[in-house]
Amino acid sequence: LRPVRTKRLRDGSHTIGYLRITQFSESVPKKIEEALEELNEKEVEGIILDLRNNSGGLVSSGIAVADSFLKGKIIVETKNRDGIKDSIMSEENTFFDGPMVTLVNKGTASASEILAGALQDNKRSKLIGEQTYGKGLIQSLKSLSEDSGIAITVASYLTPSGNNIQGRGIVPDRVLDFAEAKEFGSSEDKWVKDSEIYLSSLLDKNADLQEKEHNNKEEITDGSQSYE
């Protein structure tokens with residue numbers, strides 16, 4: 001199974017990229033960079049990131065993917081048993097800085113929740129869907145004998161705003177209550193269609209703001225010329 005899948009969606013006057021991550025393996029960060037470069041070449045205006053039923057995998061891969069979307073922001077905090085916190089920051093460069101939305105559901109867990117929480121708390125992406133699973137512990141396996149061991153919690157993951165993921169999950173900005181498609185990303189996927197409509201309206205608003213700013217600048221220029 002491919003952990004990263006992409007396609008281009010056309011919605012009226014907009015071109016939107018769809019990017020699905022099914023799990024976080026070692027190869028995923030590089031595959032995401034390549035996928036984002038490909039979508040940029042196709043001149044997509046915005047991206048739908050789909051993390052539904054992504055139960056996690058390598059946390060380091062989830063953090064690396066967050067780094068592809070964030071500029072100099074906190075990705076995640078860890079808090080150990082003594083209450084000491086440590087922050088992981090993103091680099092200043094990104095692979096995509098356009099508008100985006102992220103799909104999550106109750107199967108979104110662990111590394112996926114770290115990524116979703118980083119995007120939401122840094123106001124980089126709205127989360128759409130349903131509350132996530134709530135798996136945010138760092139555990140160490142201690143051997144008791146040759147055949148047995150015990151998992152000891154050594155720290156927990158917090159979102160950039162300090163929210164503990166464990167047992168709580170992350171509440172999306174926009175909750176969807178209609179049934180999910182059997183095949184995520186298919187033409188029958190109403191969650192993707194809803195995200196597409198939302199992202200298109202966001203792109204329209206951004207275009208209107210840019211046009212107003214441009215008109216205001218022209219008015220200021222004209223006013224200064226007539227004053228002279």
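Residues take their numbers from the sequence shown, with the count starting at 1.
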Quiz item: Given the rule that I, L, V, M, F, W and Y join up when any side-chain heavy atoms are under 4.5 Å apart, are Leu115 and Leu158 in one cluster?
Solution: no
Self-check item: Euclidean distance, Glu34 CD relative to Phe95 CZ, rounded to 0.5 Å
Solution: 10.0 Å
Self-check item: Salt bridge present between Asp86 and Lys79 (N-O < 4.0 angstrom)
Solution: no
Quiz prompt | Nearest atoms (heavy-atom pairs only) where Pro3 meets Gln23 | solution = CB-O, 3.8 Å
Quiz prompt | Backbone of Pro29 reached by a side-chain donor or acceptor of Ser61 within 3.5 Å | solution = no
Quiz item: Is it the case that Lys106 places NZ or CZ above or below the six-membered ring of Tyr133, under 6.0 angstrom from the centre and within 45 degrees of the axis?
Solution: no
Quiz item: Are Val192 and Tyr198 in one and the same hydrophobic cluster, where Ile, Leu, Val, Met, Phe, Trp and Tyr link if side-chain heavy atoms are under 4.5 Å apart?
Solution: yes
Quiz item: Can you tell if the side chain of Leu39 reaches within under 4.5 Å of the side chain of Ile47, non-hydrogen atoms only?
Solution: yes
Practice problem: Could you tell me the separation between the CG atom of Leu58 and the OG atom of Ser27, rounded to the nearest 0.5 Å? | Solution: 9.5 Å
Exercise. Before accepting this row, confirm whether a basic side-chain N of the pair Arg52/Glu180 lies closer than 4.0 Å to the acidic partner's carboxylate O.
Key: yes
Quiz prompt | Ser87: partners by side chain to side chain donor-acceptor pair (under 3.5 Å), with sequence neighbours left out | solution = Glu77
Practice problem: For Ser186 and Glu188, indicate whether the former's side chain and the latter's backbone hold a donor-acceptor pair under 3.5 Å. | Solution: yes
Quiz prompt | Side chain Glu113, main chain Ser110, donor-acceptor under 3.5 Å | solution = yes
Self-check item: Least distance between heavy atoms, Ala118 atom then Ala66 atom
Solution: CB-CB, 4.5 Å
Quiz item: Which pair of heavy atoms, one from Glu196 and one from Ile48, lies closest together, and at what distance?
Solution: N-CD1, 3.8 Å
Self-check item: Interatomic spacing from OG1 in Thr108 to CD in Gln131 - rounded to 0.5 Å
Solution: 11.0 Å
Quiz item: Do the non-hydrogen side-chain atoms of Thr6 and Glu38 ever get within less than 4.5 Å of each other?
Solution: yes
Quiz item: Does Phe178 share a hydrophobic cluster with Val101, counting links as ILVMFWY side-chain heavy atoms below 4.5 Å and allowing steps through other members?
Solution: yes
Quiz item: In terms of hydrophobic clustering (I, L, V, M, F, W, Y; side-chain heavy atoms under 4.5 Å; direct or indirect links), are Leu49 and Ile128 co-clustered?
Solution: no
Self-check item: side-chain contact (heavy atoms from CB on, under 4.5 Å) between Ile165 and Lys135, worked out
Solution: CA-CA 6 Å; Ile165 294 170; Lys135 186 180 180 185; 5.7 Å; no
Exercise. Would you check if the side chain of Asn105 reaches a backbone N or O of Asn53 as a donor-acceptor pair within less than 3.5 Å?
Key: yes
Exercise. For residues Ile16 and Leu199, determine if any side-chain heavy atom of one lies less than 4.5 Å from a side-chain heavy atom of the other.
Key: yes
Exercise. Would you mind reporting whether Ile170 and Gln120 have side-chain heavy atoms less than 4.5 Å apart?
Key: yes
Practice problem: Report, as yes or no, whether the 6.0 Å neighbourhood of atom NZ on Lys190 holds more than 12 heavy atoms from other residues, nucleotides or ligands. | Solution: no
Practice problem: Go through the steps to decide whether Lys71 and Glu92 satisfy the test salt bridge (Lys or Arg N to Asp or Glu O under 4.0 Å), and finish with yes or no. | Solution: CA-CA 4 Å; Lys71 287 183 180 178; Glu92 287 295 333; over 6 Å; no
Quiz item: Under 3.5 Å, is there a donor-acceptor pair between the Thr159 and Asp121 side chains?
Solution: yes
Exercise. Rounded to the nearest 0.5 Å, what's the gap from CZ on Phe96 to CG on Leu19? Could you check?
Key: 10.0 Å
Quiz item: Of Ile21, Leu127, Val65, Thr132, which is the lone residue that meets side chain to side chain contact (heavy atoms under 4.5 Å, CB included) with Leu51?
Solution: Ile21
Exercise. Dump the intermediate steps for side-chain contact (heavy atoms from CB on, under 4.5 Å) on Lys7 and Arg5, then the final yes or no.
Key: CA-CA 7 Å; Lys7 66 178 179 178; Arg5 301 171 193 173; over 6 Å; no
Practice problem: Provide the closest heavy-atom pair for Met100 versus Ser125 in the form atom of the first, atom of the second, distance. | Solution: O-OG, 3.4 Å
Quiz item: Is the closest side-chain heavy-atom distance between Leu36 and Phe69 below 4.5 Å?
Solution: yes
Quiz item: Atom CG in Leu103, atom CD in Glu130: separation rounded to 0.5 Å?
Solution: 10.5 Å
Exercise. Output, in order, the C-alpha distance, side-chain angles, deciding distance and verdict of side-chain contact (heavy atoms from CB on, under 4.5 Å) for Asp67 and Thr94.
Key: CA-CA 7 Å; Asp67 187 48; Thr94 67; over 6 Å; no
Self-check item: Worked check of side-chain contact (heavy atoms from CB on, under 4.5 Å) between Tyr157 and Val59
Solution: CA-CA 10 Å; Tyr157 289 113; Val59 168; 3.5 Å; yes
Quiz prompt | Heavy-atom side-chain contact between Asn54 and Thr22 under 4.5 Å | solution = no
Practice problem: Please report the closest heavy-atom contact between Ser148 and Ser145, naming both atoms and the distance. | Solution: OG-OG, 2.8 Å
Practice problem: Step by step, work out the salt bridge (Lys or Arg N to Asp or Glu O under 4.0 Å) result for Arg174 and Asp194. | Solution: CA-CA 10 Å; Arg174 178 177 168 80; Asp194 185 274; 2.9 Å; yes
Quiz item: Would you call Ile75 and Leu70 a side-chain contact if the rule is heavy atoms closer than 4.5 Å?
Solution: yes
Quiz item: Do Ile114 and Ile74 sit in the same hydrophobic cluster, where Ile, Leu, Val, Met, Phe, Trp and Tyr count as joined when their side-chain heavy atoms come under 4.5 Å apart?
Solution: no
Self-check item: Phe24 side, atom CZ; Ile63 side, atom CD1 - distance, nearest 0.5 Å
Solution: 10.0 Å
Quiz item: Is the backbone N or O of Gly72 less than 3.5 Å from a side-chain atom of Ser90, with the two atoms forming a donor-acceptor pair by type?
Solution: yes
Quiz item: Between Phe184 and Asp189, what is the shortest heavy-atom contact and its length?
Solution: CA-OD2, 3.4 Å
Exercise. Please examine the side chains of Asn206 and Pro99, heavy atoms only from C-beta on, and report whether any two atoms are closer than 4.5 Å.
Key: yes
